[in-house]
Amino acid sequence: MGAENAAVILRSASKAIAFTGAGISTASGIPDFRGPKGLWKTYPEEFASINYLSDDPRGFWEFYSTRMGSIFTAAPNLGHLALADLERLGIIKVVITQNIDGLHGLAGSRNVIELHGNMRRCYCSKCGAPYSSSEVLRMIGSGTNPPLCTCGGVIRPDVVLFGEEVKMMPKAISAANSSDCVLVVGSSLTVSPANSIPYLVKQHGGRLIIVNEERTPFDEIADLVIGGAAEDVLGELVAFMANRV
Ligand code: NAD
């Protein structure tokens with residue numbers, strides 16, 4: 001019933017956007033942060049901070065390389081594929097994601113704003129030279145930790161670490177300001193400033209649909225809350241939209 005109601009709301013929107021979080025990728029084998037099996041139940045949040053990278057680059061990479069390695073075996077799931085389908089159908093205009101796994105792009109979504117960067121890329125923190133993550137993982141695997149650039153600088157992932165500015169926010173805010181409906185998928189909606197994006201859409205009169213396995217602090221202001229697995233709900237949603245659009 002939930003997916004059918006979401007289809008009704010999306011059908012009446014002219015500029016719908018999607019806002020996704022780690023929950024859309026758990027079915028691809030990438031753990032979220034705050035769900036029941038979340039990463040922060042095992043590690044302290046500070047491990048993914050700019051301070052930790054500066055103070056102890058070797059320790060940072062010991063933690064981060066394992067995380068980075070896990071994305072190379074992950075493939076898009078039905079949730080990512082469904083959002084790409086909704087874009088092809090002209091229903092979703094932009095996907096704004098907090099995820100750094102690059103799976104929306106691999107699923108075929110074309111208009112993606114990666115708020116927190118992309119773990120498949122790295123760069124030198126001193127000269128900015130780009131490195132692929134697989135190259136960096138090879139360096140670490142062969143005993144070079146921290147991985148160093150030819151200029152001597154420490155190589156870092158191309159992601160927004162805790163304590164850093166979210167440089168893509170203005171672009172995401174502009175997409176939210178021109179949107180009349182936001183479909184939130186798999187986010188605890190507790191990470192700021194990213195969680196201001198769905199709020200902005202709601203604030204100027206747009207509709208808010210939330211698909212998440214757990215309750216979120218935004219459920220009370222949402223037009224529709226669907227408690228369930230993203231990969232199931234979005235699959236059903238596409239079926240409704242494709243048949244009747
Ligand atoms: P979060 O971990 O705070 O919340 C994820 C939410 O998704 C939880 O409420 C959980 O109940 C729900 N969930 C888990 N599996 C689900 C499923 N199959 N279907 C529906 N809901 C499901 O994640 P967040 O809100 O994205 O914020 C965490 C931050 O973590 C982001 O900044 C992001 O950059 C980063 N992160 C990214 C990845 C990734 O790239 N895949 C993974 C972990 C964390």
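Order of appearance sets the numbers: ligands from 1, and atoms from 1 within every ligand.
With 3.5 Å as the limit, one finds no donor-acceptor pair spanning the side chains of Asp32 and Thr26. Residues Ser179 and His204 have side chains that never bring a donor and an acceptor to within less than 3.5 angstrom of each other. Judged by distance alone, the side chains of Thr216 and Asp219 do bring a donor and an acceptor atom under 3.5 Å apart.
Contacts between Arg67 and ligand 1 below 4.0 angstrom, taking non-hydrogen atoms only, involve the side chain exclusively. For Asp32, heavy-atom contacts with ligand 1 shorter than 4.0 Å involve the backbone as well as the side chain. The proximity of Ala194 to ligand 1, defined as any non-hydrogen pair under 4.0 Å, does not occur for either the backbone or the side chain. Looking at Glu214 against ligand 1, both its backbone and its side chain come within 4.0 Å, counting heavy atoms. Within the 4.0 Å heavy-atom criterion, the part of Ile30 lying near ligand 1 is the side chain and not the backbone. Residue contacts with ligand 1, taken as heavy atom pairs separated by less than 4.0 Å, involve Thr26 solely via side-chain atoms from C-beta onward. At a heavy-atom distance under 4.0 Å, only side-chain atoms of Glu231, from C-beta outward, approach ligand 1.
When the heavy atoms of Leu115, Leu103, Asp101, Leu234 are ranked by distance to atom 41 (N) of ligand 1, first place goes to Asp101. Atom 1 (P) of ligand 1 has its nearest heavy-atom neighbour, among Ser188, Ala74, Gly29, Ser28, in Ser188. Selection from Met119, His116, Glu114, Arg215 by nearest heavy atom to atom 31 (C) of ligand 1 gives His116.
To the nearest 0.5 angstrom, Ile209 atom CD1 is 9.5 Å from Asn5 atom CG. From Met169, atom CE reaches atom CD1 of Ile197 across 4.0 Å, with rounding to the nearest 0.5 Å. Interatomic distance, CD1 of Ile155 versus CD of Glu135, reported as 7.0 Å (0.5 Å rounding). Taking CG of Leu10 as the reference point, atom CD1 of Ile92 lies at 5.5 Å (rounded to 0.5 Å). Interatomic distance, CG of Leu189 versus CG of Leu208, reported as 8.0 Å (0.5 Å rounding). The CG atom of Asn51 lies 9.5 Å from the CD atom of Glu164; values are rounded to the nearest 0.5 Å.
Close approach of ligand 1 to Val191 is summarised as follows: ligand atoms under 4.0 Å from at least one heavy atom of the residue are 27 (O), 28 (C). Near Ile100, the atoms of ligand 1 lying under 4.0 angstrom from a non-hydrogen atom of the residue are 39 (C), 40 (O). Listed by atom number, the atoms of ligand 1 under 4.0 Å from Gly21 heavy atoms are 26 (O). Listed by number with element, the atoms of ligand 1 under 4.0 Å from a non-hydrogen atom of Pro31 are 42 (C), 43 (C). Which parts of ligand 1 touch Gly23 is read off a 4.0 Å heavy-atom cut-off, strictly below it: atoms 5 (C), 7 (O), 13 (N), 14 (C), 15 (N), 16 (C), 17 (C), 18 (N), 19 (N), 22 (C). Distances below 4.0 Å separate heavy atoms of Gly228 from the following atoms of ligand 1: 19 (N), 20 (C). Residue Ala229 has at least one heavy-atom neighbour below 4.0 Å for each of these atoms of ligand 1: 19 (N). In the vicinity of Ser25, heavy-atom distances shorter than 4.0 Å reach the ligand 1 atoms 41 (N).
Residue contact check for ligand 1: Ala27 places no non-hydrogen atom closer than 4.0 Å to it.
Proximity of a side-chain donor or acceptor of Ser187 to a complementary backbone N or O of Thr20 within less than 3.5 Å is not detected.
The two residues Phe72 and Ser133 have their closest heavy-atom pair at CZ-CB, 3.8 Å.
Checked against a 3.5 angstrom limit, the closest N/O atoms of Thr20 and ligand 1 fall outside it. The N/O atoms of Ala22, backbone and side chain alike, include one that comes under 3.5 Å of an N/O atom in ligand 1. Ligand 1 has an N or O atom lying under 3.5 Å from an N or O atom of Ala230, backbone or side chain.
The aromatic rings of Tyr64 and Phe60 lie parallel to each other, with less than 30° between the two planes, well short of the 60° mark. Aromatic ring orientation, Phe47 versus Tyr52: parallel (interplanar angle below 30°, classes split at 30° and 60°).
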